[in-house]
Amino acid sequence: MDAPAAWARGRLPDGDGRVVSLDINGHALDCLVPAGDGAPEGATSFGLLAAALSSCTAMSVRTFLQRFGLPQATVEVDVALESGPSPVLHRRVGLAVDLDPDARAQLAAVVDGTPVTVLLRDAIVIVTRLEVGAPTA
């Protein structure tokens with residue numbers, strides 16, 4: 001096997017502990033096993049999945065802006081998991097810069113083609129909303 005592009009190791013000690021110690025590409029992070037239906041107390045497995053989609057999307061948008069010499073702006077990507085029998089990832093991409101219709105269409109294609117999106121889209125529905133444009137005063 002070739003060297004992996006990414007790797008992770010999770011360790012949950014024997015007993016009734018709820019903290020999984022993760023080593024992700026050599027970086028330590030704790031992940032909590034959720035307790036009940038309340039709000040999570042920290043990173044969870046589904047939170048890490050949402051974070052993977054969010055970070056990959058943000059990096060891809062920034063690369064798109066740089067590659068085509070478009071104005072740089074803060075990129076915000078919110079991802080929320082709607083659980084249920086058919087779970088859905090809701091993704092909002094916010095970019096406070098004006099884009100012409102062609103650049104906006106290209107951006108939408110970039111967002112739909114990010115590596116994590118491509119990896120996940122056959123397993124889960126991803127609904128994306130683009131909010132592109134200079135903020136109004």
Side-chain angles (χ1 to χ4, degrees):
M1 174 169 85
D2 292 335
W7 59 270
R9 174 177 291 135
R11 184 171 188 279
L12 182 61
D14 190 19
D16 60 357
R18 294 184 34 242
V19 178
V20 177
S21 297
L22 297 174
D23 182 350
I24 304 169
N25 296 331
H27 299 277
L29 177 70
D30 286 339
C31 182
L32 299 175
V33 176
D37 294 331
E41 302 165 5
T44 64
S45 297
F46 286 127
L48 293 173
L49 179 68
L53 181 60
S54 177
S55 63
C56 182
T57 302
M59 289 184 281
S60 294
V61 170
R62 176 57 49 85
T63 300
F64 168 78
L65 294 173
Q66 290 171 342
R67 182 171 292 146
F68 292 99
L70 296 169
Q72 298 298 300
T74 299
V75 178
E76 291 184 353
V77 181
D78 300 314
V79 176
L81 174 69
E82 179 184 334
S83 59
S86 298
V88 176
L89 285 169
H90 295 274
R91 171 174 53 184
R92 183 195 69 84
V93 179
L95 184 61
V97 66
D98 285 324
L99 296 177
D100 65 44
D102 287 340
R104 186 182 171 97
Q106 289 174 345
L107 175 62
V110 165
V111 167
D112 285 339
T114 67
V116 173
T117 301
V118 170
L119 187 67
L120 294 176
R121 70 176 164 212
D122 288 338
I124 189 167
V125 173
I126 302 171
V127 176
T128 301
R129 185 175 83 237
L130 287 178
E131 294 178 1
V132 177
T136 57

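Note: hydrogens, waters and symmetry copies are ignored here, and every other heavy atom, side chains too, is used.
For residues 53-78, every residue pair satisfying the salt bridge (Lys or Arg N to Asp or Glu O under 4.0 Å) rule, not counting sequence neighbours, is listed here: Glu76-Arg92, Asp78-Arg92. Residue pairs meeting the ring-ring contact (aromatic ring centres under 6.0 Å, His included) criterion with at least one partner in residues 2-50, sequence neighbours excluded, are absent. Residue pairs meeting the side chain to side chain donor-acceptor pair (under 3.5 Å) criterion with at least one partner in residues 105-120, sequence neighbours excluded, are Arg91-Thr117, Thr114-Thr117. Within the structure, no pair that satisfies the salt bridge (Lys or Arg N to Asp or Glu O under 4.0 Å) test touches residues 44-53, not counting sequence neighbours. Residue pairs meeting the ring-ring contact (aromatic ring centres under 6.0 Å, His included) criterion with at least one partner in residues 79-101, sequence neighbours excluded, are absent.
At least one side-chain heavy atom of Leu65 sits less than 4.5 Å from a side-chain heavy atom of Leu95. Between Val116 and Thr57 the shortest side-chain heavy-atom distance does not fall below 4.5 Å. Counting heavy atoms from C-beta on, the side chains of Leu48 and Leu29 come closer than 4.5 Å. The shortest distance between side-chain heavy atoms of Leu107 and Val132 falls below 4.5 Å.
Applying the ring pair (Phe, Tyr, Trp, His ring centres under 6.0 Å) test to Phe68 and every residue at least two apart in sequence or in another chain returns Phe64.
The residue from Val118, Ile124, Asp122 that alone fulfils the side chain to side chain contact (heavy atoms under 4.5 Å, CB included) condition with Leu120 is Ile124.
Contact record, Leu99 with Ala103: CB-CB, 4.1 Å, taken as the closest heavy-atom pair. Asp30 approaches Ala43 most closely through the heavy-atom pair O-CB, 3.7 Å. Here the closest non-hydrogen pair linking Ser60 and Val110 is O-CG1, 3.9 Å. When all heavy atoms of Ala58 and Val75 are compared, the closest pair comes out as CA-CG1, 3.9 Å. Among all heavy-atom pairs drawn from Cys56 and Pro115, the shortest one is SG-CD, 3.5 Å.
One distance of note links CZ of Arg9 with CD1 of Ile24; it measures 12.5 Å at 0.5 Å rounding. Put simply, CG on Leu12 and SG on Cys31 are 10.0 Å apart, with the number rounded to the nearest 0.5 Å. How far CD1 of Ile126 is from CG of Leu81: 11.0 Å, rounded to the nearest 0.5 Å.
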Audit row: Val97, Leu70, side-chain contact (heavy atoms from CB on, under 4.5 Å) steps and yes/no: CA-CA 9 Å; Val97 66; Leu70 296 169; over 6 Å; no
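Looking only at distances, a side-chain donor or acceptor of Ser55 sits under 3.5 Å from a matching main-chain atom of Ala51.
Linking Ile, Leu, Val, Met, Phe, Trp and Tyr residues whenever their side-chain heavy atoms come within less than 4.5 Å leaves Met59 and Leu89 in two separate clusters.
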